[in-house]
Each structure stands twice: as C-alpha cells, then as structure tokens.
Amino acid sequence: MNYHVIVLSSITLLLSFTRSSASSNTRDHEQAEALLRWKNSLQDDPTHSLLSSWILDNSTKPSNSSVNSHCSWAGISCTESGSISRIDVSSSNLRGTLYNLEFSCFSSLLELDLHNNSLYGTIPSQISNLSKLTSLDLSYNNLSGSIPSKIGLVWGLQELHLQENELTGTIPQGIGNLSQLIYLDLSHNFLSGNVPSEIGFMSTLEEIYLNKNEINGSIPQQMGMLKSLKVLISGENSLSGSIPSSLANLSTLSYIWLNDNKLTGPIPQEVGMLKSLIDLSLQINLLTGPIPASIGNLSNLNIINIFENQLSGTIPQEIGNLKSLSYLNVLSNKLTGQISPKLNNLTSLISLQLRENMFSGFLPPNMCLAGQLKFLGADYNNFTGPVPKSLKNCTTLVKVRLKGNQLTGNISEDLGLYPSLDYIDLSYNKFCGEISENWGKLENLTSLKISNNQISGSIPIEIANATQLQELDLSSNELAGEIPKELGKMPLWVLKLNNNKLSSNIPKELGMLSNLEQLNLAANHLHGSIPEEIGQCSRLIFLNLSCNTLSNNVPFQIGNLGTLQSLDLSDNMLSGELPNKLGSLLSLEMLNISHNELSGSIPTTFSQMVSLTTVDISNNLLEGPLPNTRAFARASIELLQNNKGLCGSNAVLNSCHLTSKGKHIKRTVLLIMAPILSTVLLVCVILCMIYFPRRKHKNRDEPLEAVSESFMPILGYADGKMAYQSIIDATKEFNSNYCIGSGGSANVYKAELPTGQVVAVKKLNLSEDDGMINIRAFKSEINALAQVRHRNIVRFYGYCFHPIHSFLVYEFLEGGSLAKLLSNEATAAELDWVKRVDVIKGVANALYYMHHECFPPILHRDISSNNILLDYDYTVRVSDFGAARIVKPNSSNWTSFVGTFGYSAPELAYMLEPNEKCDVYSFGVVIWEVIMGRHPGDLISSISASSSALQILFKDVVDQRLPPPTDEVAEELVSIARLAFACLDASPGSRPTMQLVSHKLSNGKHSLSRPFDRVELAELL
C-alpha cells in the first residue's frame, strides 16, 4: 500500500514539474517572440546591428525543451529558469519606437538599457508593467512627449536614466510615487513646467539630474526633504527665484549644480551646513549680495564656481580654511577690496580665476606653493606690486592672464621657465626689464603677449625656437635694435611689434610667414624699402607699416594679398607712382597712404576695389581724377588735401575738365572721324539688312536693337563689334560643346578670348512664346549688374543686345556652382567646414550690399545654390540677376512669381509683392543646404509639420561626408544654424535683415556649454 502511495506521489510531482517547466518554456518563448516583433518594427536594417544575433531557433520547442536560445542572444541575460532579466542593446544604431516592445511579456526584467540609439516617439505608459525593474536607461535617443504618469507604478525601480533624449512636456506630478527610486536622470530633454513639489516624497533618492531642459519656476522647498540626496544637478534651465534655505537639511549632498539659470537673491548662509559638499556650481545666474562666510565651513569643498553673477563685497577670509579647494572661479562679478592673506592657505589650487572684478592690492603670494596651479586669471582688476614669488617656480602653469592691472617688477627676473605654458598675457601693466631668451625654450607656447609695458633691450633671436608660437605681441614698449630675421621661420599668425624703437630694414624673411594674418610694425624707426616678399604672406588681413622712414616705391607684390582688409603705409617717405596691381585688393576696406611723397595719378584699377570704405591719400603729390568708387566719392577734404591736383566726383574737389588744348584736339578728332563713322555705320546697316533680314517677333512691335559700341573695355577691346565677333568665334557660334549650363531662358557658355582671358557668356533664348519675358529678365540683369561692384557678386563685363545673339558676359568662375560642388562626393569633401562657413559669409555680404549699400536697393529674388558660384580658392560670387528687381521708392513692386521652388519664401504663394525678406528666407535655405550638403526641404517641411523633428541632434543633420566640426568652427556653425532658423521664420516681419545677419556672422558666436555632438536642433530655434 505504502509502495503504491509513494509511486503515485512521485508521478504527481513529475507531472506537476513537467507542467511548470512547459509553462515556463512557453512564457520564455513568448518573450523571445516579443523581442523579434520589436526588432522587425525598427526602421533600419537590424542585421547590421547588435540585433543580428536575434534569430529564434525553431528546433527549440517550448513543450519539450528547457533550452532557451534567446538567452544566448547579444545583449540578453536570463535567470536560471530562462526568464529574461536584462536587456542591454545600447549603442546599436537602432531607429524606431518603443510602441511595439511588449513590456507585459517581461515580468522578471530587472534592467533595460537602450541608451545611445535613435529611438523616437514617446515613452509608452505600459512601461509600468516592468514591476521588478531596477535600472532603466533610455539616454542618448530622440524620444519625445512627456514621461508617462503610470511610470510611478514601477515600485521596484531603483535607477532611471532618461538623459540626452528629446522629451517634451512637464515632469509628471505622479513622479513622487517612485518612492524607492535611488537615481533619477531626466537631463538633456525638453521638459518644461515647474519641478513638482511631490519630488520631496522620494525619500530614497540619492541623485537627481534635471539639467539641460526648459524647466522654469522656483526650486521647491520640499527638495530639502531628500535626506539621502548626494547629487543635485539642475543647470541650464530657466529656474528663477532664490535658492531655498531648506537645502541646508541635505547633510549628505556632495554636488550641487544650479548653473545657467535665472536664480536671483543671495547665496544663502545655510549653504555652510552642507558638510559633505564637494562641488558648488552656481555660475551664470543673477545672484547678488556677498559671498557667505559660512562657505569656509565646508572642509571637503573642492570646487567653487560662482562666476558671471552680480556678487559684491570681498572674498571672505574664511575661504582660506578650505585646504582641499582646487578651483576658485569668481570672475565677472562686482567683487572689490584686497585678497585676504588667509587665502595664502589655498595651496592646492589648480585654477584661480579673479578676472573682471575690481580687486586691488597684491596677488596671493602662495597661490602656487604646492606646485599645482595650472590656470591663473587676474586680468582687468587693479592689482599692484610684483608677481608673487611662488609663480616663478610654478612649472605646472598652462595659461596665465594678468592683463590690465598695475603690476610691476622685472619681467626677466620675476618670471620663470614654464615648460607646460600655452598662453600668457602680461599686457597693460608696468613691467620692465628685457625679454629673456628662455621664452624660446617653451615648446608648448602658442601666445606671448607683453604689450604696453616698459620692456627694453632687443628681441632675442632665440625666441624663434618657440616652434608652436602663433601670436607674438610685444607692441608699445621700448624695444630697440633689429627685427630678427629668424622670426620668419615661426608659425606666426599675429606679429605685433609696433610702437617701439626698432631700427634697420624690415627683414625679407618675414615673407616666409605663410600663416600670418596680422603684421603691425608701425611707429618704429624702420628704414629702407618695403620688402617685396611681403606679397608672399597670402593670408594677411591686416598690414600696418606706418610712422617709419620707409622709402622708395610701394612694391606691386602687395597687390597679391587677396585677403588684405586693412593697409596702412602712412607717414613714411614712399615715392614714385602707385602700382596698378594694388587694384587687385578686392577685399581691402581701409587704405591709408597719407603723408608720403607718392606722385602721379591714382591707377584706374583702384575702381575695382569694391570693398573699400575708408581711404586717406592726403599729403602726397598725387594728381588727376579720383577712382569712381564710393570710398573716394565720400572722402572728406582732410583725407584728400595737400596733393598736386586731384579732381573727380567728390563734393570737395573740382570736376575733371579737359584743358583748352585737349578740347581742341578732341574737336578736331571728332570733325575728322564723324564722316568716317557715319559711312561705316551705313555699311553695317546695309550688310545687316542683306545677311540678317528682319524677323517677325510675336507680341513685339519693335525689333531688338543692335548694339555695336564698346561694351567690354575691361577685356582690352576698344570696339564692340570686335568683342562680339571674338565671342562668336570662341564658342563656334555657341556650339553645345562649349555649353557649361542650361536654363529655360538662357544657356551659359565658356569662351576663351584671343586676349587669353576666359569668360562666361550667358546667351538669351528668344522663343516665340516667352521672348518678351526673357527680354525683361535680360534687361533686369543688365540694370542690376550695371550698378553693383562687390567682391562677392559676379563681375559683369558687358552685354550685346542683338537680333541674332543677345548675351551677357561675366567673369568665368573655375569652381562652378555651389550646387554642383555639394552634389559631388569628391568636391563636397574638399569643401570643408571652414570653407563652408566662408561661403555662407560671402553670400551674406553680397545680399547685405544689395539690400543696404545700393541706392535704390536691389532684390535678387532667386538666391539658390545654383546661382552661387565659386572661384578656384572658394571665394563666393552671387550670380544670375535675371529675376533681380530694383526697389524704387514710392512705387509698387508687384510682379509675377520668379525664383526657384524650394528656395522661395512661403508668402509668395499668396502674395506677389517681393521684398528683401524673400531674399532672407532663400538665404536661410542655402545656409542649411551648405550645412547638410543637400537641399534641406525634408528638414524644413518636417519641422513645419511636427515638433518631433526638432528632437534630433544637430550632429545628425550636418553633412556626414565631412568629419564633425570642432572647437571654434563648431561654435560658429551652431551660431550660423541658429541664424538660419531665424531667416526661415514663416512671418516675413520676424526675419532678420541682411544687415543684422551680416553683423551676427561677423561678430556673433555661440559658446558651447557642452560638446558639439550633444547640441539639439531645438536649441537653435
């Protein structure tokens, strides 16, 4: 009997185990299938990602096997029973949503890590089914929407990572239900609204990350209830109000970052009760009042960042108690008084930034006593006395800024040898002594600035051994002797030696400085000729050789400096005539050649200097007509006076009249030539009637005029007919083999003339149907181009208006169109980020000139990448003015639609009165095209249709054919992208003018508070 009972019991247990095992296998099989369904919903090909191993083994039968193949999948971990406990497919290039991830199938899941993918959409509320979850990481994705309120039901959650997504909406009130939460990270999203007071009930919370959102309102007092809190990071939001004193209850708090907000009021005294605090970062707010002395109680404090506020008073001496303090950054406040001697106890400092305050007295003498100081900034204060002795042997120094004080001492005795030094600025002080040859031993030094002191002696040739030095500014001292020719071997970008007592010749070796952008040798005792080798400094922007005793001619090689914007040769003894080559300085904005002995007439090539805004040619021996440019026409009498006999179109000068002898000669020539020209003209008319019979033109009462006057004098032709025939011959009468571009109204041909010059010829297509339209465009282009001369607008050489061939002649641009360059993989790669930024600035300069410098203004109306040309060195030329319109005052500008679809402003769909804001919109499209490497139509339309398009990282839309931009270029690109969005505003009145655009491109720069690859598109709006 007992035997049968035992057997029966064993069979029962076996069946029960079998059913349990089968049920477990079935559940585990369902988990695997759920993962596969989610995998199949992803948009990108998952076979190239970590998910390629997610393949269900069909041999595994849930009913008869305990082997679970999904437990061997990449990123999957299971319990001993085969249930999935951990999913980690981070950094797998996944693109899709979480909607098809069936959370209800994963009741045993403890960890879910999907960070650093391209997931988008909202976080499904079903995530609350993960009742045992302890860690959730969805960071570095493109998720949107609000955090689901049901997430508060995930009672077992211990870690929540949602940083670096693009979540929107507010922080849900129900977040307080996460009473077991230890780690909360909602940073780098678009969360808005207030910080909910319910957050105070999350008693187990140890770390809070709310930074880089759009959270506003004040910090709730309930935050002080989080007795276990160690980290509070809520920077880069719009928090306002004061810092709550209740934070004093957080005795375990180690890090508090409330930087980059709008916090007001004082730093509370209660901050001194945070005994565990290591990092106090409150920078870039609106805090006022004194720095509380209670901070001195925080013995563990390592970092104090309170810069860029409105704090006043002195630095409290109690801060000297902080023996562990490594970073003390109080720059850009309203702090005053002397530095307390007790701050000498801060011997562990790595960075001391006292810049831009109103401190006085001595610098702390022991700031580098422990030999750890790397960054010292005390510029723009009223510090006096010598440099602290502890600095002399401070070999760790990397950057030193002491500019703009009243420091004294011998520069060669009080400063030491700093092997790690990268940057030092001692300018605008009272240092004396000589420049030590030891500066040449600093292998990492890139900037050495000691201007406006009392430095004497000569420039040591050993300084040329500083092989990384890019900026050398020794101006406004008492240096004497020669300029070392060895400087020509250095990688200098800036060389300023002006306002000294340097003598002898300018070394020709300076012409070897191929990277040089600024050269200032003014106000010395230099003599001899200007070395022609200066013309080899191809990147030079600023050249000042004024106030010396330089003599002989101005070398024509200076005309090779195509990037030069400022040229000052005044107050010398230069003689002879000005070289024609100077007219090639198309970027020149300021020219000063006054107080010399220059003679002769000003070359006619100076009329090509279209960028020139300021000119001073006074006190020379110049004579003859002024160049026909705005700078000369507007020059005051002081800028032109004391010459031999200038004349021209300037209100302060006489007109250039011919002498009586010249008049007599001209009259005689006219009397002789008149009958000859009449005969020739009659013959031409007869020949045209024979060989070119008059054609009938539909909708035209008059035939096209034939123009045979000289129309291309710049090309060396004195006769229009000869120029016309040369173009016909050069293109084999517009053979298609010479065609380089086609359009509905015109074709463009490349023509190499007998003179050797290559030009672009735009030939008008005169069809019966749209002939008058094309003629109007032709005349519009002539009218527009006839009055513009700018370095970023294509040069117009002339035109021919003829019944057979009517065309316009331009300069030929070797680089082709921007559209063509961007469409080709090889040329797009050569158009790097620096060149692309220059392209954008060039187009902006052209439009600014047209809208604000031309009178009346000119609207282009067809700005597109096809109409932006580049020369061999990628300088921009805006072209195709067939749609251009001169804006006449007090007249209607209504017209038919023109432009290129995809670039035209949206308002043109319902109104046809163009204004300059239409060009601004088109410019915004072009900016994004340059940034993305393709037309941004999909980006623009998706942004207009849905805010979810903004939840994309900027790095993901820039041209992927180029390496990501870095450093200053990245900052500049962010500023430009922000400007592009402003140009694309749907409301024309909200778009900036090109004047503002040009100004911001020249001066604006967005300082990145975090790496470029984390900047989101929404930040740019």
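Just so it is clear, the values below take in all heavy atoms, side chains as well, and ignore hydrogens, waters and symmetry mates. For reference, positions follow the sequence shown, starting with 1.
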S.K.: Any donor and acceptor pair, going by atom type alone, linking the side chain of Asn650 with main-chain N or O of Val652 inside 3.5 Å?
M.R.: yes
S.K.: Is it the case that the side chains of Glu638 and Ser636 hold a donor-acceptor pair, with the cut-off being a distance below 3.5 Å and no angle test?
M.R.: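 Looking only at side-chain atoms, Glu638 and Ser636 do form a donor-acceptor pair, the distance falling under 3.5 Å.
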S.K.: Please enumerate all residues that pass ring pair (Phe, Tyr, Trp, His ring centres under 6.0 Å) together with Tyr848, with sequence neighbours excluded.
M.R.: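 Tyr848: ring pair (Phe, Tyr, Trp, His ring centres under 6.0 Å) contacts with His852.
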S.K.: Name all residues meeting the side chain to side chain contact (heavy atoms under 4.5 Å, CB included) criterion together with Asp616; count only those two or more places apart in sequence or in a different chain, and write none if there are none.
M.R.: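 Once residues adjacent in sequence are excluded, the partners of Asp616 under the side chain to side chain contact (heavy atoms under 4.5 Å, CB included) criterion are Asn592, Ser594, Ser618, Leu639.
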S.K.: Does the side-chain hydrogen bond (donor to acceptor under 3.5 Å, both in side chains) test come out yes or no for Thr446 and Gln470, once each step is laid out?
M.R.: CA-CA 5 Å; Thr446 61; Gln470 298 175 359; 5.5 Å; no
S.K.: State whether a side-chain donor-acceptor pair under 3.5 Å links Ser456 with Glu478.
M.R.: no
S.K.: Just wondering, more than 12 heavy atoms not from Tyr428 lying within 6.0 Å of its OH?
M.R.: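 No.
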S.K.: Quick one: pull up CG in Asp473 and OG in Ser427 and give me the separation to the nearest 0.5 Å.
M.R.: 5.5 Å
S.K.: How far apart are the C-alpha atoms of Asn429 and Asn405, what are their side-chain angles, what is the distance that settles it, and do they pass the side-chain hydrogen bond (donor to acceptor under 3.5 Å, both in side chains) test?
M.R.: CA-CA 5 Å; Asn429 280 288; Asn405 285 285; 4.7 Å; no
S.K.: Using the test salt bridge (charged side-chain N to carboxylate O under 4.0 Å, His left out), find all partners of Asp568 that sit at least two apart in sequence or belong to another chain.
M.R.: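 If we apply the salt bridge (charged side-chain N to carboxylate O under 4.0 Å, His left out) test to Asp568, skipping adjacent residues, there are no hits.
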S.K.: Side chains of residues 485-496: which donor-acceptor partners sit under 3.5 Å, not counting sequence neighbours?
M.R.:
none

S.K.: Tell me, yes or no, whether the heavy-atom count around Gln565 atom CD, taken from other residues, nucleotides or ligands under 6.0 Å, exceeds 12.
M.R.: yes
S.K.: Could you give the distance from CG (Leu526) to NZ (Lys501), rounded to the nearest 0.5 Å?
M.R.: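 Spacing of CG (Leu526) from NZ (Lys501) equals 14.5 Å.
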S.K.: Applying ring pair (Phe, Tyr, Trp, His ring centres under 6.0 Å), name anything that partners His790, two or more places apart in sequence or on another chain.
M.R.: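 If we apply the ring pair (Phe, Tyr, Trp, His ring centres under 6.0 Å) test to His790, skipping adjacent residues, the hits are Tyr849.
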S.K.: Tell me whether Arg836 contacts the main-chain N or O of Val930 through its side chain, where contact means a donor paired with an acceptor under 3.5 Å.
M.R.: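 Yes; at least one donor-acceptor contact below 3.5 Å.
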S.K.: With distance as the sole test, does Asn620 use its side chain to make a donor-acceptor pair with the main-chain N or O of Ile617 at under 3.5 Å?
M.R.: yes
S.K.: How long is the span from the CD1 atom in Ile450 to the CD1 atom in Ile435, to the nearest 0.5 Å?
M.R.: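 Between atom CD1 of Ile450 and atom CD1 of Ile435 there are 5.0 Å.
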S.K.: List the atom of Ile593, the atom of Leu591, and the distance in Å for their closest heavy-atom pair.
M.R.: CG2-CD1, 3.8 Å
S.K.: Does any N or O in the side chain of Asp832 come within less than 3.5 Å of the main-chain N or O of Lys835, such that one atom is a donor and the other an acceptor?
M.R.: yes
S.K.: Strictly below 4.0 Å, N to O, side chains only: are Asp422 and Lys399 in salt-bridge contact?
M.R.: yes
S.K.: Side chains of His595 and Asn619: any donor to acceptor distance under 3.5 Å?
M.R.: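 Their side chains do contain a donor-acceptor pair, which is all the 3.5 Å distance test asks for.
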S.K.: Quick one: list whatever passes side chain to side chain contact (heavy atoms under 4.5 Å, CB included) with Ser611, sequence neighbours left out.
M.R.: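 Ser611 satisfies side chain to side chain contact (heavy atoms under 4.5 Å, CB included) with Glu589, Arg791 once adjacent residues are dropped.
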S.K.: Under a 3.5 Å distance rule, please check whether Asn477 uses its side chain to pair with a backbone N or O of Ser475 as donor and acceptor.
M.R.: yes
S.K.: Where the side chain of Asn572 meets the backbone of Asn548, is there a donor-acceptor pair that is under 3.5 Å apart?
M.R.: yes
S.K.: Can you list everything that forms a salt bridge (charged side-chain N to carboxylate O under 4.0 Å, His left out) with Glu517? Sequence neighbours excluded, please.
M.R.: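 Applying salt bridge (charged side-chain N to carboxylate O under 4.0 Å, His left out) to Glu517 gives none.
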S.K.: Checking Lys581 now: which residues fulfil salt bridge (charged side-chain N to carboxylate O under 4.0 Å, His left out) with it, not counting sequence neighbours?
M.R.: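 Per chain and number, Lys581 pairs via salt bridge (charged side-chain N to carboxylate O under 4.0 Å, His left out) with no residue.
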S.K.: For Lys403, enumerate each residue passing the salt bridge (charged side-chain N to carboxylate O under 4.0 Å, His left out) test, keeping only those at least two apart in sequence or located in another chain.
M.R.: none
S.K.: Please, which pairs that meet salt bridge (charged side-chain N to carboxylate O under 4.0 Å, His left out) have at least one residue in residues 838-851, sequence neighbours excluded?
M.R.: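 Every salt bridge (charged side-chain N to carboxylate O under 4.0 Å, His left out) pair that includes a residue of residues 838-851, provided the two are not neighbours, is Lys841-Glu972.
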S.K.: Around Tyr423, counting heavy atoms of other residues, nucleotides and ligands shown, do more than 12 lie under 6.0 Å from its OH?
M.R.: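 Yes, because the 6.0 Å sphere around OH of Tyr423 holds more than 12 heavy atoms from other groups.
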S.K.: Check side chain to side chain contact (heavy atoms under 4.5 Å, CB included) between Pro965 and all other residues, then give those that pass, not counting sequence neighbours.
M.R.: Trp833, Val969, Ala970, Leu973, Phe1012
S.K.: Could you give the side-chain donor-acceptor pairs of residues 537-545 under 3.5 Å, partners two or more places apart or in another chain?
M.R.:
residue, atom, partner, partner atom, Å
Arg539, NH1, Asn515, OD1, 3.3
Asn544, OD1, Ser546, N, 3.0
Asn544, OD1, Ser546, OG, 2.7

S.K.: Please report the interatomic distance CG(Leu519) to CD1(Ile534), rounded to the nearest 0.5 Å.
M.R.: 5.5 Å
